[in-house]
Amino acid sequence: MPAVRRPDPLHWLWFAFGGRLPDRYRDWVMHDATARHWRLRYAIRLVVRTLPFLIAGYVVLDLLPVGQWPIFVALGGALLFVLFTLVGSAEEMTEARLAQHGFSTESLERVVRKHRRQ
């Protein structure tokens, strides 16, 4: 079995923010969605997508006359809220991502069930 071609960091960021990768990465997209730690990969992409908002929130909150700890607690709470609410829809979002990359619904369900059982 040939090695799966991984996207470079720029393509990975594009993918993390919802972009469609070129067809040469189709096998990697399927691997990413069906690997044993696919939920962890999904959560990492959520953190990466949330990071610009957390940084902007830090900059704004740092202008207020409060200490650093309340700011970090607020931003940590926001990150936990995002993870808690969006990890619950991980399967649906991952299936939509695979469909975005041209995988049919029927083959998608079969392959995802097969790989996630392993």
Full working for side chain to side chain contact (heavy atoms under 4.5 Å, CB included) between Val66 and Ile71
CA-CA 8 Å; Val66 296; Ile71 294 173; 3.8 Å; yes
Is any side-chain heavy atom of [X] closer than 4.5 Å to a side-chain heavy atom of [Y]?
X: Val4; Y: Tyr25; answer: no
X: Arg26; Y: His31; answer: no
X: Ile44; Y: Leu40; answer: yes
X: Glu91; Y: Arg39; answer: yes
X: Pro7; Y: Arg24; answer: no
X: Trp28; Y: Leu21; answer: yes

Can you confirm if the aromatic rings of Phe15 and His101 lie within a centre distance of less than 6.0 Å?
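Under 6.0 Å, so yes.
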Specify the closest pair of heavy atoms between [X] and [Y], including all atoms of both residues, with the distance to one decimal.
X: Val48; Y: Ala16; answer: CG1-CB, 4.4 Å
X: Tyr42; Y: Val87; answer: CE2-CA, 4.1 Å
X: Gly88; Y: Glu92; answer: O-OE1, 4.0 Å

Verify the neighbour count for atom CZ of Phe17: are there more than 12 heavy atoms of other residues, nucleotides or ligands below 6.0 Å?
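Atom CZ in Phe17 is crowded, with more than 12 foreign heavy atoms closer than 6.0 Å.
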Could you tell me whether the side chain of [X] and the main chain of [Y] form a donor-acceptor pair under 3.5 Å?
X: Trp14; Y: Arg20; value: yes
X: Thr85; Y: Val82; value: yes
X: Gln68; Y: Asp62; value: no

I need the [X] [atom1] to [Y] [atom2] distance, nearest 0.5 Å.
X: Thr94; Y: Gln100; atom1: OG1; atom2: CD; value: 11.5 Å
X: Thr50; Y: Leu83; atom1: OG1; atom2: CG; value: 6.5 Å
X: Leu79; Y: Leu46; atom1: CG; atom2: CG; value: 9.0 Å

Hey, quick one: are [X] and [Y] part of the same hydrophobic cluster, counting side-chain heavy atoms closer than 4.5 Å, chains of contacts allowed?
X: Leu54; Y: Leu86; result: yes
X: Leu75; Y: Leu64; result: yes
X: Trp12; Y: Met30; result: yes

Arg5/Asp8 ion pair, N-O < 4.0 Å
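Salt bridge absent between Arg5 and Asp8.
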Pairing residues for Arg45 by the salt bridge (Lys or Arg N to Asp or Glu O under 4.0 Å) criterion, not counting sequence neighbours
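Scan of Arg45 (salt bridge (Lys or Arg N to Asp or Glu O under 4.0 Å), adjacent residues dropped) gives Asp32.
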Mind checking what makes ring-ring contact (aromatic ring centres under 6.0 Å, His included) contact with Phe72, not counting sequence neighbours?
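Tyr58.
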